Amino acid sequence: MSSSFAQPSSSSSSGIVYALVSRGPVILAEHAATAGVGGGGNFQQVTQAILDKIPPNDSKLTYVYDRFLFHYISEGGIVYLCVADDKFGRRIPFAFLQDMVERFVAAYTDGEIIAASAMGLNSFARTIAHQMDYYSRNPAQVDSIKQVHGEISQVKDVMVQNIERVLERGGRIDVLVDKTNSLNNAAFAFRKRSTAVKRQYWWRNQKLMAAVVLSVVIFVYLLISSACGFPTWSKCRS
C-alpha cells in the first residue's frame, strides 16, 4: 500500500488542506485547498474508511496518516472532518471544526440535513473554503482570540490513532470491531451463565434449607411421640 495520497502543492501544504461535512458516511459538502487534494488515490480511501468507522455517538478523534492529521468532530450524527499538515498541530484544526459545527447547524434545519442527498448541501462549501483559508493563514490570531473567549476546545484528551491500522490488510478496524463484538457477546453469555448458576445455587440452598427444617420438624415430632407413647400419646394425655 502506498504511504501517501495525492499531495497538495507546497505553497498550500501548510494548514488545513481539506474539509467536509457528512451525515454518517454520506458527504454533504466538502472543499479542498488545491485540486490535487481529494482527487483520488489513497486520500479518498482514507477519508471514506474514517467516515465508515465513526461511531454514531458524539466523539472527537485524530487519525495520523503519513504527514497529515485527520481530525473530526461527530455531533448528532453529523461529522465535521478536516485534514491538516501534521506541523499545524491540533488546537487550530479543532477550533476550525467547532466553528464549522456552529455555522452548519445555523445554516440548515434538521429537516434539510436529514433529507439531503450526497453533496446535496455543497453550497456550504463556500463557507468551508472561507474558514479554511482564514484559519490556515491566521493561526496565531485565531488561537489568541479563541483563548480570550475561552473557546479553544481541550484536545489533549482527544484520541490519536494511526490510520495505517485502519487500512492495513483490507481494514483492520473490521477485525477490531468483530473482536469487540465477540468480547461483548462473550461477556453477555458469561453474565447469563453466571445468573443461571446463581439461580441454580439459590434453589439448591432453598431446597437444602427446606430439607433441614423438615428433618428438624420430623425429629422433634418423633422425639415427642416417643416420650408421649406413640401412636396413642397416652402418656401425654394423662
Side-chain angles (χ1 to χ4, degrees), residues 1 5-6 16-33 37-65 68-84 90 93-132 135 153 155 157-185:
M1 183 185 68
F5 48 78
I16 302 170
V17 298
Y18 176 70
L20 63 82
V21 180
S22 73
R23 186 186 64 244
V26 180
I27 299 176
L28 303 178
E30 67 176 350
H31 177 74
V37 178
N42 287 341
F43 187 91
Q44 289 181 332
Q45 181 185 6
V46 171
T47 303
Q48 197 59 54
I50 293 173
L51 293 178
D52 289 340
K53 305 307 178 184
I54 293 177
N57 56 293
D58 293 355
S59 58
K60 294 181 181 181
L61 191 66
T62 295
Y63 284 100
V64 181
Y65 185 69
F68 290 91
L69 300 181
F70 289 68
H71 314 278
Y72 79 77
I73 294 177
S74 176
E75 288 190 8
I78 306 302
V79 178
Y80 308 84
L81 181 146
C82 72
V83 183
R90 295 195 291 163
F94 273 103
F96 163 77
L97 290 176
Q98 190 58 50
D99 190 9
M100 289 297 95
V101 172
E102 297 170 2
R103 292 176 182 273
F104 188 74
V105 297
Y108 303 100
T109 65
D110 291 343
E112 290 174 326
I113 296 173
I114 293 173
S117 57
M119 303 304 292
L121 300 179
N122 206 39
S123 58
F124 192 71
R126 292 191 296 271
T127 301
I128 298 176
H130 181 272
Q131 296 307 109
M132 276 178 56
Y135 279 79
S153 299
V155 298
D157 294 329
V158 178
M159 290 180 59
V160 180
Q161 294 188 5
N162 195 322
I163 196 65
E164 297 287 354
R165 297 180 180 179
V166 179
L167 299 178
E168 69 182 1
R169 298 179 183 177
R172 185 172 175 179
I173 272 193
D174 287 333
V175 177
L176 295 178
V177 170
D178 289 342
K179 287 184 177 179
T180 300
N181 290 336
S182 297
L183 289 174
N184 289 337
N185 291 335

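These figures come from a predicted structure and were not determined experimentally.
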Asker: What are the two closest non-hydrogen atoms of M100 and Y80, and how far apart are they?
Answerer: O-CE2, 3.9 Å

Asker: Under the side-chain contact (heavy atoms from CB on, under 4.5 Å) criterion, do F94 and T62 qualify, and how do the steps go?
Answerer: CA-CA 10 Å; F94 273 103; T62 295; 3.3 Å; yes

Asker: Give, for atom CD of E112 and atom CG of D110, the distance between the pair rounded to the nearest 0.5 Å.
Answerer: 9.5 Å

Asker: To check you understand the geometry: which heavy-atom pair defines the closest contact between S59 and I54, and what is its length?
Answerer: OG-CG2, 4.4 Å

Asker: Verify, without hydrogens or angle tests, whether R23 (side chain) and L28 (backbone) share a donor-acceptor contact under 3.5 angstrom.
Answerer: no

Asker: For R103, give me all partners under salt bridge (Lys or Arg N to Asp or Glu O under 4.0 Å), at least two apart in sequence or on another chain.
Answerer: D99

Asker: Let me know which of V64, I50, L61 forms a side chain to side chain contact (heavy atoms under 4.5 Å, CB included) with F70.
Answerer: I50

Asker: When you compare the side chain of Y72 with that of Y63, does any pair of heavy atoms fall below 4.5 Å?
Answerer: yes

Asker: State, with a plain yes or no, whether a side-chain heavy atom of P93 is found less than 4.5 Å away from one of Y135.
Answerer: no

Asker: Could you report the tightest heavy-atom contact between I16 and M132, atom names first, then the distance?
Answerer: O-CE, 3.4 Å

Asker: Can you find a heavy atom in the side chain of Y65 that is under 4.5 Å from one in the side chain of V83?
Answerer: no

Asker: Kindly list each side-chain donor-acceptor pair under 3.5 angstrom involving residues 118-126, sequence neighbours excluded, with atom names and distances?
Answerer:
| residue | atom | partner | partner atom | Å |
| --- | --- | --- | --- | --- |
| N122 | OD1 | E30 | N | 3.1 |
| S123 | OG | Y108 | OH | 2.7 |

Asker: Search all heavy atoms of Y18 against all heavy atoms of H31 and return the closest pair with its distance.
Answerer: CD1-O, 3.3 Å

Asker: Take a 6.0 Å sphere around CG of N57 and say whether it holds more than 12 heavy atoms from other residues, nucleotides or ligands.
Answerer: yes

Asker: With the side chain counted from C-beta on, respond yes when E75 and Q98 share a heavy-atom pair under 4.5 Å apart, and no when they do not.
Answerer: yes

Asker: Quick one: CG on L81 to CG on L97, what's the gap to the nearest 0.5 Å?
Answerer: 7.0 Å

Asker: Would you compute the distance between atom OG1 of T127 and atom CZ of F104 and round it to the nearest 0.5 angstrom?
Answerer: 10.0 Å

Asker: Of the non-hydrogen atoms in Q48 and P25, which two are nearest, and what is the gap between them?
Answerer: NE2-O, 3.5 Å

Asker: Might you point out which heavy atoms bring S74 and V79 nearest each other, and give the distance in Å?
Answerer: OG-CG2, 4.1 Å

